[in-house]
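A short write-up of the structure that comes next.
In what follows, every heavy atom counts, from backbone to side chain, and hydrogens, waters and symmetry copies are set aside. Below, read A as the first sequence line, B as the second, and so on, with proteins coming before strands; counting in each chain starts at 1.
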Amino acid sequence: MEENLNNEENIIREEDINEQMQVRRNKLQDLKNSGKDPYVITKFDVTHHSETIIDNYDELEGQEVSIAGRIMLKRVMGKASFAHILDSKGLIQIYVRKDEVGDDSYTDFKVYDIGDIIGVKGVVFKTKTDEISVKANEVTLLCKALNPLPEKKHGLKDIDLRYRQRYLDLIVNREIKDTFVKRSLIIKEIRKFLDDKGFIEVETPVLHTIAGGAAARPFITHHNTLDIDLYLRIALELHLKRLIVGGFDKVYEIGRVFRNEGMSPRHNPEFTLLELYEAYTDYNGMMDLTEEMFKVVSRNVLGTSKIVYGDVEIDLEKPFERISMVDAVKKYKGIDFSKITSLEEARKLADEHEVEYEPHHEVGDILNLFFEEFCEEHLVQPTFLMNHPVEISPLAKRMPEDPRYTERFELFIVGREHANAFSELNDPIDQRERFEIQAQLKAAGDEEANDVDYDLLNALEIGMPPTGGLGIGIDRMVMLLTNSQSIRDVLLFPTMKPRD
RNA sequence: GAUCCAUUAGCUCAGUCGGUAGAGCACCUGGCUUUUAAUCAGGGUGUCCGGAGUUCGAGUCUCCGAUGGAUCACCA
């Protein structure tokens, strides 16, 4: 059955071969017929990269080098040719003369296509226009490209194709490679930053029996042998806290989490989350850590902590602003929620200001709606939004001076949430009550509400020290530091709907 | 999930009022021993995203569908 389907696909594909693709297949067949099948070659010794040759021209002039890369541009004349070769570091020109490589080799070279991968042995020199080049004395075809590359002038602009065929995008739009190099450096710097502070990196399960630690709809999968449904994790929180109970004082994990929700320029179904937990500190400690991390990572990766995002300059150097959610709503909307004590008052306010709420929303939920509606977009420079209502913070400790609110903060930059942290709730009795409220919400149809995690409750009953916890969306952070407007520009292979 | 926009050659894009499908690059044939998005002469290679409808006639108008983008909803 499956084979039949594949055969059908293959038949369709054969029909899709256009003239250019057919020409290249014919060229490959000719190579094979004359004993020059490039696919039998297993290795090629590369001694230099384009960048090395260009950066060290003075030492390398007249020296023999061996380079390899993809033909990107080709200028063929009767008995001599120029071409540009793309290797992992960039472009370099090669000069191929018939009287240097021999008649047969030159004839072969003339029919190589843009996109083919060749190895070149030759001598470093400068052309009369001062371009650093390699004069070939030997050219080897290492791989035939059977499909043509996009055009040299305009490259590949079709966003759909760029995401679906990222390999093409990387070849043709080489500047995007920088984004992914930076992404790698950012994650490396985060690890270094945390390791230097004595944090231990751990790995916890991706397959969960309970989807908790965040408000999100999970992906559901099935384990055949156990015959149970499992959830792909939506957060790292609940396992990392168990490790604090177990005696690790400082732990972190950088891992993929999965949320079965809408996609947008800022949301991908799978994304990378950093979560860390530190015993014997609170959300103030987490604020200091967050501020330092953003500053240091930016400095070490970009060489500066004053960055440009879109048309705004963001200063990660000066102390981040700190404001409570109640004060933010007061500042940007002129409404003082600290004086709102009943749900009726809150609903009346919401009605007056055309803020839509759900029947199950309490005062704290409505406060949060006001914040999202009227304040969020104003928090462009780094701002810690603090002291969220307990209703939207089921895992955070209450503020001792006002139990309606929690010791929690979110870091906002360019109007977006970049971090979320709190003094972790370690009161097992309070935690049990909050889980039960979540369970009621879930029973009432809220698909994002948490289940009761009895094992976590047991862990808390064993005893978790006062702990600060922090989560940072790595993709958002990479977007910020690479001035990327879409999350898909910082993901090598963003989730795409299959065609047909 | 809703709304708007896009989809034409391998790539980037034109296509007027509904009247036989166009350009540049790429590709093919030939020339050219220092080119620089090489160049000179010649060649158009197509499921106009798919399907249905209106019409004498549809790339163009209408409807249904696919994929993508933006905005909204949800969220990080």
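Side-chain N/O atoms of A:Lys157 include none lying less than 4.0 angstrom from OP1 or OP2 on B:rU12. For the pair A:Arg164 and B:rG68, the criterion of a side-chain N or O lying under 4.0 Å from OP1 or OP2 is met. Residue A:Arg97 has no polar side-chain atom (N or O) positioned under 4.0 Å from OP1 or OP2 of B:rU34. Phosphate proximity of B:rC28 to A:Lys27: present, with a side-chain N or O under 4.0 Å from OP1 or OP2. Regarding contacts with the backbone of B:rC11, every side-chain N or O of A:Lys152 stays at 4.0 angstrom or more from both OP1 and OP2. Regarding contacts with the backbone of B:rG10, a side-chain N or O of A:Asn18 is found under 4.0 angstrom from either OP1 or OP2.
At a cut-off of 3.5 angstrom, the base of B:rU45 holds no donor-acceptor pair with the side chain of A:Gln20. You'll find a donor-acceptor pair under 3.5 Å spanning the side chain of A:Glu151 and the base of B:rG24, going by distance alone.
With C1' as the reference atom, B:rU20 and B:rG42 are 24 Å apart, rounded to whole Å. Taking the P atom of each, B:rG50 and B:rA21 are spaced 15 Å apart, rounded to whole Å. Of the P atoms belonging to B:rC61 and B:rA6, the separation is 10 Å, rounded to the nearest Å. A gap of 9 Å separates the C1' atoms of B:rG10 and B:rC27, to the nearest Å. B:rU54 and B:rC64: their C1' atoms are spaced 15 Å apart (whole Å). Taking atom P in both B:rG15 and B:rA52, one finds a spacing of 27 Å when rounded to whole Å.
Residue A:Gly155 is classed as a sugar-phosphate contact, given heavy-atom separations below 4.0 Å to backbone atoms only. Among the heavy atoms of the strands lying under 4.0 Å from A:Ala215 are primed sugar atoms or P, OP1, OP2 only; no base atom is included.
Side-chain contact between A:Tyr112 and A:Ile71: present, with at least one pair of heavy atoms (C-beta onward) separated by less than 4.5 Å.
Base pairing of B:rC11: its partner is B:rG24, meeting the Watson-Crick or G-U wobble criterion (both donor-acceptor distances under 3.5 Å). The partner of B:rA37, taking Watson-Crick or G-U wobble pairs whose two distances both stay under 3.5 Å, does not exist in any strand shown. B:rA70 and B:rU3 make up a base pair, with Watson-Crick or G-U wobble contacts both under 3.5 Å. Across all strands shown, the partner of B:rC61 is B:rG53, judged by Watson-Crick or G-U wobble contacts whose two distances both fall under 3.5 Å. Under the Watson-Crick or G-U wobble criterion, with both distances below 3.5 Å, B:rU47 has no partner in any strand shown.
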Inset, instruction - Apply salt bridge (Lys or Arg N to Asp or Glu O under 4.0 Å) to the pair A:Asp116 and A:Arg70, showing each step before the final yes or no. - result: CA-CA 6 Å; A:Asp116 290 355; A:Arg70 192 181 294 275; over 6 Å; no

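Taking all atoms of both residues into account, the shortest heavy-atom contact from A:Leu91 to A:Ser50 is O-CB, 3.8 Å.
Distances were taken from every side-chain heavy atom of A:Arg488 (C-beta onward) to each of B:rG69, B:rU34, B:rA76; the shortest belongs to B:rG69. Of all nucleotides listed (B:rU67, B:rU45, B:rU35), B:rU67 comes nearest to the side chain of A:Lys497. Distance from the side chain of A:Ile114 is smallest for B:rC27 among the nucleotides B:rC27, B:rA70, B:rU34.
The cationic group of A:Lys74 lies under 6.0 Å from the six-membered ring centre of A:Phe109 and within 45° of the ring axis, placing it in a cation-pi geometry. Note that A:Lys98 lies outside the cation-pi zone of A:Tyr106, set by a 6.0 Å cut-off to the ring centre and a 45° limit from the axis.
When each of A:Arg75 and A:Glu417 is assigned the nucleotide of RNA chain B with its nearest heavy atom, A:Arg75 is the one assigned upstream, toward the 5' end.
Using a 3.5 Å distance cut-off with no hydrogens or angles, the side chains of A:Arg217 and A:Tyr231 do not pair a donor with an acceptor.
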